[in-house]
Amino acid sequence: MEYRKNDMVTLDIVDCGTNGEGIGKADGFTVFVKDAVIGDRVTAKIMKAKKNYGYGRLMEILTPSPDRAEPVCPSARQCGGCQLQALSYEKQLEFKADKVRGHLERIGGFANLPMEPIIGMKDPFHYRNKAQFPVGRNRDGKIVTGFYAGRTHSIIENRDCVLGVPQNREILDRVIDYMETYDISPYDEVTGKGLIRHIFTRYGYHTGEIMVCIVANGSRLPHQQELVKALREIPGMTSITLNINKNRNNVILGEKIQVLWGQEYITDKIGDISYQISPLSFYQVNPQQTWELYSKALEYADLHGEETVWDLYCGIGTISLFLAQKAKFVRGVEIVPAAIEDARRNARLNGIKNAEFYVGKAEEVLPDYYADYAARHPGENARADVIVVDPPRKGCDEILIDTIVEMQPDRVVYVSCDSATLARDLKYLCERGYQVKKVCPVDMFPMTVHVETIVLIQKKTS
Ligand code: SAH
């Protein structure tokens, strides 16, 4: 049956879309309903209709899902950050594990996969070590900070995000206080006028060190010393910086950093490895689950001290340094030069000498290395025992997988933030002499729809 705009439909919500919206079917017609959760029976009004699917507005919950949870955050519905707060955490985990399995089966063509239980968090709140709060004015002209409402740039006042660390509240209160006292204007995206754009914070989960970076449309802050004095009173404060961003675009951070007080970086640890993190460094946002993920990577890599390992898409070398503790030699590859500078500095900081880093595209660096090796060692091929890949959402290039296959590693450990491209790449690898040994989803981002997956792939023995 076809539906039109303004039709009312009654639906059982059976699935959850990529943005957390509930999905139900009415006579074969698929309807996406924001704020409905799996297990609800609802009525929805069709707002937009295509041939086989449409978008509905939630009108009434006829029977609430037994898996509904009361959102902890009062802004959960409007805010663009959390999509799943209305679903119990247990069900969130089930949904994510099902999503990974579904993609691997449908896109990868796998059956009877060796799935390990998803690794969730004991306390799925306050896990984020980084936050970026936009600053603006509300309709009454009052300075506000918080989050953008989903898909817009209007700011919802919220200084107590339940995903961030509790220290954020004190930081935001003090910065806004300073702005009010000295009449410092927030930046206005429409006119490009005003000074303070974002308040950026980072917290060293294992060190307790705090960083505050004020992102400003200018190169100096009036009454800077008063702001520094107020922020320094917060226990753990280690780094107060100014980031200068005069660009008229959506990118949060500019390129220039000025230290206002303390150091430019904070230090944090994952396991036994320390990392120095500046405002511009990439760093995993959920430190507890990162440790879980990297421990799994170490388990899957099965290192005994003699192995040569490649860590492709290595970022600031976090996985590389973690594995270097147990391997003979690790080579990391990353496209962003500043991240490689961080990787090298962090290797030195930890006295790690058996890791080397290359700047470039994984799909160019590895094939070039392979060809170069063959040219210098006639009759021999470059080998690796273990190759780790952790690509962005689009997954790996076929050229890269071809080279991986030529290098014949015993094990490939695939860390993925998009199970659809993961499934595609696993299929390609498995058609070329490899097999999937273990799959483990890891919940790096509770309350959101995202899920990370780690897979152990082995060379077929026969
Ligand atoms: N493994 C790291 C980061 C993974 S995020 C960690 O655990 O922290 C993916 C990384 O891949 C990003 O740092 C991104 O800059 C990098 N990247 C994106 N495309 C790339 C490419 N074609 N070749 C190499 N690195 C790439």
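Throughout, numbering of the chain's residues begins at 1 and tracks the sequence. Hydrogens, waters and symmetry mates play no part in the numbers below; they use all other heavy atoms, side chains included. In listed order, ligands and their atoms are each counted from 1.
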Q: Using a 4.0 Å heavy-atom threshold (strictly under), name the region of Cys314 that reaches ligand 1: side chain, backbone, both or neither.
A: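 Backbone only.
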Q: For Tyr275 and Tyr283, take the angle between the two ring planes, folded into 0 to 90°, and tell me which bin it lands in: parallel under 30, tilted 30 to 60, perpendicular over 60.
A: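 Aromatic pair Tyr275/Tyr283 classed tilted.
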Q: Report the distance from atom CG of Asn346 to atom OG of Ser274, rounding to the nearest 0.5 Å.
A: 8.5 Å
Q: Are the charged groups of Glu116 and Lys296 less than 4.0 angstrom apart, N to O?
A: yes
Q: May I ask you to identify the nearest protein heavy atom to atom 16 (C) of ligand 1, giving residue, atom name and distance to one decimal place in Å?
A: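 Nearest neighbour among protein heavy atoms for atom 16 (C) of ligand 1, to 0.1 Å: Glu334 OE1, 3.2 Å.
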Q: Give the numbers and elements of all ligand 1 atoms closer than 4.0 Å to a heavy atom of Val336.
A: 15 (O)
Q: With respect to Lys361, determine whether any N or O atom, backbone or side chain, lies less than 3.5 Å from an N or O atom of ligand 1.
A: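 By distance alone, the answer is no.
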Q: With Ser419, which of His103, Arg101, Lys99 fulfils side-chain hydrogen bond (donor to acceptor under 3.5 Å, both in side chains)?
A: His103
Q: Considering only non-hydrogen protein atoms, determine which one is nearest to atom 22 (N) of ligand 1 and report residue, atom name and distance to 0.1 Å.
A: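 Scanning the protein heavy atoms, the shortest distance from atom 22 (N) of ligand 1 goes to Glu363 OE1, 3.1 Å.
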Q: Atom 9 (C) of ligand 1: which protein heavy atom is closest, and how many Å away?
A: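 Of every protein heavy atom, Asp390 O, 3.4 Å lies nearest to atom 9 (C) of ligand 1.
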Q: Tyr178 ring centre to Arg174 NZ or CZ under 6.0 Å, with the angle to the axis within 45°?
A: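 Arg174 over Tyr178 ring: no.
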Q: Between Arg345 and Gln276 (side chain of the first, backbone of the second, donor and acceptor by atom type, cut-off under 3.5 Å), is there such a pair?
A: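 At least one qualifying donor-acceptor pair exists.
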Q: Answer yes if the side chains of Tyr205 and Gln288 hold a donor-acceptor pair under 3.5 Å, and no otherwise.
A: yes
Q: For ligand 1, which is the ligand I care about here, please tell me if Ala362 has any N or O atom under 3.5 Å from one of the ligand's N or O atoms.
A: yes
Q: May I ask whether Ala339 has any heavy atom positioned less than 4.0 angstrom from an atom of ligand 1?
A: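 No, that is not the case, since the closest heavy atom of the residue is not under 4.0 Å from the ligand.
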Q: Under 4.0 Å from a heavy atom of Tyr294: give me the atoms of ligand 1 that qualify, with their elements.
A: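 By the 4.0 Å cutoff, the relevant atoms are 6 (C), 7 (O), 8 (O).
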Q: What residue and heavy atom of the protein are closest to atom 21 (C) of ligand 1, and at what distance?
A: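 The closest heavy atom on the protein side is Tyr313 CE2, 3.6 Å.
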Q: What is the nearest protein non-hydrogen atom to atom 19 (N) of ligand 1, stated with its residue, atom name and distance?
A: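 Atom 19 (N) of ligand 1 sits closest to the protein heavy atom Pro392 CG, 3.9 Å.
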Q: Check each atom of ligand 1 against the heavy atoms of Gly360 and keep those under 4.0 Å away; list them by number with element.
A: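 In order of number, 23 (N), 24 (C).
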Q: Could you list the atoms of ligand 1 found under 4.0 angstrom from a heavy atom of Thr318?
A: 6 (C), 7 (O), 8 (O)
Q: Counting from 1, what ligand 1 atoms have a heavy atom of Phe282 closer than 4.0 Å?
A: 3 (C), 8 (O)
Q: Starting from atom 17 (N) of ligand 1, what is the nearest protein heavy atom, named by residue and atom, and what distance separates them?
A: Ile335 CG2, 3.5 Å
Q: Looking at Phe357, does the NZ or CZ of Arg344 lie under 6.0 angstrom from its six-membered ring centre and within 45 degrees of the ring axis?
A: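 So Arg344 doesn't make the cation-pi contact.
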Q: Do Trp291 and Phe322 make the cut of ring centroids closer than 6.0 angstrom?
A: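 Ring centres of Phe322 and Trp291 not closer than 6.0 Å.
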Q: Is the closest N or O pair between Lys394 and ligand 1 shorter than 3.5 Å?
A: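 Not met; the criterion fails.
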Q: Is there a donor-acceptor contact under 3.5 Å linking the side chains of Tyr300 and Arg411?
A: no
